[in-house]
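Chain letters run A, B, ... following the sequence lines, proteins first, then strands; residues in each count from 1.
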Protein chains: 2
Amino acid sequence: MRKDSRLSRMLHVLVHLHQLQQAVTSDQLALMLHTNPVVVRRTMSLLREQGYVSAVKGHGGGWTLAKPLHEITLLDIHRSLSESSLFTIGLTDEHNNCPIEKAVNLAIDDVLQEAETLVLQRFGEVTLDKLAAGYIPR
Amino acid sequence: MRKDSRLSRMLHVLVHLHQLQQAVTSDQLALMLHTNPVVVRRTMSLLREQGYVSAVKGHGGGWTLAKPLHEITLLDIHRSLSESSLFTIGLTDEHNNCPIEKAVNLAIDDVLQEAETLVLQRFGEVTLDKLAAGYIPR
DNA sequence: CCTTAAGAAACATCATAAGTTACATAAAAA
DNA sequence: TTTTTATGTAACTTATGATGTTTCTTAAGG
């Protein structure tokens, strides 16, 4: 299944922005991420809309952090990037009146909800300054 | 992100197989799932390889349960269907010597591992006879 | 031998993150 | 003012893997 690596990429970018302490262009970030500047703008613009970075056009322009790392969590970035489900598992909804399908979906969804809650909570506990310092696993 | 609905579909099929108590053809299952008999064979054959169902060719043939529902868990079926990750989030591995990328991946993976462990454990606790009886959420 | 069914190979479809092209817009420098 | 540098954005292409389809083979009962 295709993976969404935007969270990983953007976290990487944000910590680098913090360390460089100056505006970095989309072209520079694209080189860093082995990708395209338009992909960088597209993804970074989601973070700009939520106030985590700002962009300046023209000479000397580029991207800078709009908040200190310790005020940004993994959850903040995750939420900025995606409204879609965390899981590759999907439910079917083709038999509105079938009690078996209902029970199956309930059982799967029950577990996935619990796991999603856990992931979001953990993501909310990790601020980006912890990544800059070299993350220590639990 | 495209979802994998095979788990949901196969659980649905297995509980129906139990209730019908007779061989059901791929064509019948395809009608039930609003899909194609070849898709049914392809997916069911993964369960056959693990000994959860058996298939008989020819007249009166079709698919039957090879184990009682109470001896099959959601985890069994999930494992039979997929070796790939549960999550739509992927990590990047483009900068072998970048400590920031390492820290980012470690932080994300740490959380996802914990969540995956939880999901697999919960899936292992749910036997299919509970679905047949009408699943009651935790 | 005919019919019914699974097994299997080869190919098409679909959705979406990622990648690309092209052009508009804004700001600083020449 | 003109040029250069940068983001903003629309439109399109590509890659990937579950899903869907076609076609043929194999096996079993009648």
Side-chain angles (χ1 to χ4, degrees), chain A residues 1-10 12-13 17 22-49 53-64 66 78 80-94, chain B residues 1-10 12-13 17 22-49 53-64 66 78 80-94:
Chain A
M1 181 90 46
R2 193 81 193 274
K3 296 302 195 72
D4 182 348
S5 58
R6 291 178 301 169
L7 178 62
S8 177
R9 282 179 152 180
M10 290 302 101
H12 193 178
V13 162
L17 283 183
Q22 57 180 328
V24 181
T25 68
S26 300
D27 283 67
Q28 291 173 303
L29 293 178
L31 281 174
M32 193 183 103
L33 296 177
H34 302 153
T35 182
N36 189 290
V38 179
V39 172
V40 170
R41 287 189 196 109
R42 186 154 61 209
T43 317
M44 290 290 284
S45 72
L46 297 171
L47 305 189
R48 188 196 54 210
E49 287 166 8
V53 295
S54 51
V56 173
K57 285 184 175 183
H59 270 281
W63 298 91
T64 48
H78 173 254
S80 302
L81 296 174
S82 174
E83 306 116 28
S84 67
S85 163
L86 267 177
F87 301 98
T88 54
I89 293 179
L91 306 181
T92 56
D93 193 19
E94 298 162 338
Chain B
M1 182 88 49
R2 193 80 193 275
K3 297 303 195 71
D4 181 349
S5 58
R6 290 178 302 168
L7 178 61
S8 176
R9 282 178 152 181
M10 289 303 101
H12 193 176
V13 163
L17 283 184
Q22 57 181 327
V24 181
T25 68
S26 300
D27 283 69
Q28 291 174 302
L29 293 178
L31 281 174
M32 195 183 102
L33 296 177
H34 301 154
T35 180
N36 189 290
V38 178
V39 172
V40 171
R41 287 189 197 109
R42 187 154 58 209
T43 317
M44 289 291 282
S45 71
L46 298 171
L47 306 189
R48 188 197 53 210
E49 287 165 8
V53 294
S54 51
V56 173
K57 287 184 172 184
H59 271 280
W63 298 91
T64 47
H78 173 255
S80 302
L81 295 175
S82 175
E83 306 114 31
S84 67
S85 163
L86 268 176
F87 300 99
T88 55
I89 293 180
L91 306 181
T92 57
D93 192 19
E94 298 161 338

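In this structure, A:Trp63 places its CH2 atom 15 Å from P of C:dA27, rounding to the nearest Å. Between the P atom of D:dA6 and the CG atom of A:Leu31 lies a distance of 12 Å, rounded to the nearest Å. Atoms CD1 (A:Ile89) and P (D:dG17) sit 17 Å apart, rounded to a whole Å. If you measure from atom CG of A:Leu86 to atom C1' of C:dA17, you get 16 Å, rounded to the nearest angstrom. When the P atom of C:dT3 is taken as reference, atom CG of B:Asp27 falls 16 Å away, rounded to whole Å. Distance, B:Asp4 CG to D:dG17 C1': 9 Å, rounded to whole Å. Per the geometry, CD belonging to A:Glu49 stands 8 Å off P belonging to D:dT9, to the nearest Å. If you take CZ of A:Arg6 and P of C:dT16, they are 12 Å apart, rounded to a whole angstrom.
The backbone N or O of B:Thr43 lies less than 3.5 Å from no partner atom in the side chain of B:Arg6, so there is not a single donor-acceptor pair.
Dashed line: the shortest gap from a side-chain N or O of A:Ser45 to OP1 or OP2 of D:dT7 is not under 4.0 Å. Contact annotation: A:Thr25 does not reach the phosphate of D:dA6 (side-chain N/O to OP1 or OP2, under 4.0 Å).
Looking at B:Trp63 and B:Thr25, their side chains never bring a donor and an acceptor atom within 3.5 Å of each other. Counted by atom type alone, B:Ser5 and A:Thr92 present zero donor-acceptor pairs between their side chains at under 3.5 Å.
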Could you go through the side chain to side chain donor-acceptor pair (under 3.5 Å) check for B:Ser54 and B:Thr64 one step at a time?
CA-CA 6 Å; B:Ser54 51; B:Thr64 47; 3.3 Å; yes
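Nearest heavy-atom pair, B:Gly60 versus B:Ala23, reported as atom, atom and distance to 0.1 Å: O-CB, 3.8 Å.
Of the candidate nucleotides C:dA10, C:dA17, C:dT20, C:dA10 has the atom lying nearest to any side-chain atom of B:Arg42.
A:Val39 has its side chain out of reach of A:Met44: every pair of non-hydrogen atoms, C-beta onward, lies at least 4.5 Å apart. In this structure the side chain of B:His78 reaches within 4.5 angstrom of the side chain of B:Leu86, judged on heavy atoms.
Looking at heavy-atom distances under 4.0 Å, B:Thr35 makes contact with sugar-phosphate atoms alone, never a base.
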Determine, for nucleotides 22-30 of chain D in 5'-to-3' order, which nucleotides have protein heavy atoms under 4.0 Å from the base (write B), from only the sugar-phosphate (write S), or from neither (write -).
B---BSBB-
